[in-house]
A.B. asks: 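Okay, here's the structure, questions in a sec.
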There are 2 protein chains.
Amino acid sequence: MGAGGSLREVSRRAVQSRIARTAESLFVAKGFEETTVDEIAAAVGMSQRSFFRYFASKDEVVLDSLERLGLDLVTRLEARPLEESEWDSLRHAFEPVVERLADPEMREHDAALQKIVDASPRLFAAYLGRLDGLQRELSELLLARAVRRCGGAPDTVVLRAVVGGAFACLHAAMVHAVARPDDFGHCLDRTMEAMRPAAA
Amino acid sequence: MGAGGSLREVSRRAVQSRIARTAESLFVAKGFEETTVDEIAAAVGMSQRSFFRYFASKDEVVLDSLERLGLDLVTRLEARPLEESEWDSLRHAFEPVVERLADPEMREHDAALQKIVDASPRLFAAYLGRLDGLQRELSELLLARAVRRCGGAPDTVVLRAVVGGAFACLHAAMVHAVARPDDFGHCLDRTMEAMRPAAA
DNA sequence: CCGGAAAGTGTCAGTGACTGTCAATCATTG
DNA sequence: CAATGATTGACAGTCACTGACACTTTCCGG
């Protein structure tokens with residue numbers, strides 16, 4: 001039970017990525033708001049109704065890859081040693097992002113996505129919403145780890161702020177990386193070092 | 001030119017707040033998503049078309065007060081002395097929020113709004129979008145101040161991260177304040193002290 | 001007081017995202 | 001082959017939002 005049906009799941013993923021690829025090229029060509037779901041569905045060769053069977057909304061087509069990246073961050077953070085400081089653990093959890101931007105092909109693809117997201121306030125807001133959800137996940141994870149390390153529960157407000165602060169560094173570095181994609185990792189390191197909190 | 005027509009503006013504001021009050025009571029009663037614009041317009045006594053002449057979207061009815069609070073923060077930050085550290089300036093710029101939550105009546109109203117926003121992912125995302133816009137404004141303001149203070153331009157990435165970190169503290173303290181609204185100011189102070197960055 | 005501009009409003013029609021329903025089809029399994 | 005469950009398309013409907021147009025009210029100089 002749980003993670004079963006992998007054969008069906010695989011074909012579902014295949015259809016999803018076919019839709020995503022088609023949609024993204026349309027978004028690049030015409031813009032996000034200007035592209036209708038009907039057009040995407042027609043380009044893929046399915047009905048509009050079927051499109052919504054693979055993606056809950058038009059937003060999700062773009063934000064889906066972010067979702068999968070988020071899962072990476074969670075597993076990365078889980079793998080960090082207990083005695084490491086939260087700030088350092090978060091920095092290491094961000095490594096998948098750095099790696100992704102190191103690959104030139106991925107970087108180009110992500111830059112295109114970022115451009116699409118930035119061009120639509122509505123989509124950008126949805127993007128921030130996903131980021132916030134990820135921060136909540138990581139906060140809970142770090143909270144559980146802190147309890148396991150020392151018995152008592154730590155200051156949850158500060159912990160949440162630490163996670164938010166780390167994401168602020170990540171976000172600032174990513175904005176910078178749009179203009180200068182090289183040495184993203186170094187830029188992130190510098191920013192997180194400047195922002196390292198006294199506590200945690 | 002510019003800020004003219006104040007008489008007309010006042011009546012416009014009056015209508016807006018009448019709509020907002022009516023809408024908020026409906027949102028509290030039935031939820032945000034479950035309340036249609038038609039219902040709001042009918043409750044106020046106007047056509048749906050006229051509703052959209054006062055608010056650009058359904059979201060804006062709820063997020064409008066946030067927008068005005070944001071203006072307060074900007075003017076507060078502008079009034080801070082140049083030689084003060086960015087972190088301390090930001091803490092003082094947050095004072096309107098603290099004052100607002102100190103007034104029991106305001107607090108109750110804002111708590112209701114926060115509940116509405118939290119209950120709708122779509123609206124919550126729009127809320128985050130507004131917060132991000134505000135962070136951009138404050139970042140640019142601080143950037144201009146830094147240039148005026150010492151000649152050269154500072155590290156914009158770190159500056160943006162500092163503003164984001166301060167907002168992370170504010171956000172974390174506000175989340176905490178939902179459960180325990182007392183001593184919000186103290187909680188914010190504690191969190192921002194723990195997160196005080198080495199630079200800036 | 002009057003005539004006309006300006007501002008506010010209602011009505012209607014239309015677009016686009018999204019949902020529920022139902023019947024048809026396709027694949028799987030016994 | 002037959003039963004079964006998943007996938008799909010077609011259709012209708014809701015709701016946020018927009019543009020166009022006609023109507024009324026308000027305002028203001030003559």
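Treat the numbers as computed from the prediction; the structure is a model and nothing was measured. Within every chain, numbering begins at 1; the chains are lettered A, B, ... in the order of the sequence lines, protein sequences first and strands thereafter.
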A.B. asks: Tell me what A:Ser50 touches on the nucleic acid: a base, only sugar-phosphate, or nothing, going by heavy atoms under 4.0 Å.
C.D. replies: sugar-phosphate
A.B. asks: When you measure from the side chain of B:Ser120 to the backbone N and O of B:Val117, does any donor-acceptor pair fall under 3.5 Å?
C.D. replies: no
A.B. asks: Which whole-number value in Å describes the distance from A:Glu60 CD to C:dA17 C1'?
C.D. replies: 14 Å
A.B. asks: What is the separation between atom CZ on B:Phe51 and atom C1' on D:dA16, rounded to the nearest whole Å?
C.D. replies: 10 Å
A.B. asks: If I take atom CD1 in residue B:Ile40 and atom P in nucleotide D:dA16, what distance separates them, rounded to the nearest angstrom?
C.D. replies: 8 Å
A.B. asks: For A:Phe55 and C:dA17, what is the distance between atoms CZ and P respectively, to the nearest whole Å?
C.D. replies: 15 Å
A.B. asks: For the CG atom of B:Leu170 and the CZ atom of B:Arg91, what is their distance to the nearest 0.5 Å?
C.D. replies: 9.0 Å
A.B. asks: Is it true that, when you exclude A:Arg68 itself, more than 12 heavy atoms of the residues, nucleotides or ligands shown sit nearer than 6.0 Å to its CZ?
C.D. replies: yes
A.B. asks: Could you check B:Met46 against A:Asp59 and say which one's nearest nucleotide on DNA chain C is further toward the 5' end?
C.D. replies: B:Met46
A.B. asks: Students often get this wrong, so: under 4.0 angstrom with heavy atoms, is B:Tyr54 touching a base, only sugar-phosphate, or nothing?
C.D. replies: sugar-phosphate
A.B. asks: Using the six-membered ring wherever Trp is involved, compare the ring planes of A:Phe124 and A:His171 and label them parallel, tilted or perpendicular (cut-offs 30° and 60°).
C.D. replies: tilted
A.B. asks: How many Å lie between CZ on A:Arg53 and P on C:dC18, as a whole number?
C.D. replies: 15 Å
A.B. asks: Measure the distance from NZ on B:Lys58 to P on D:dC15 and round it to the nearest whole Å.
C.D. replies: 9 Å
A.B. asks: Between the side-chain atoms of B:Arg49 and the base atoms of C:dG8, is any donor-acceptor pair under 3.5 Å?
C.D. replies: no
A.B. asks: Between C1' on C:dC18 and CD on B:Glu33, what's the gap in Å once rounded to a whole number?
C.D. replies: 12 Å
A.B. asks: Mind calculating the distance between CZ (B:Arg122) and P (C:dT19) to the nearest angstrom?
C.D. replies: 12 Å
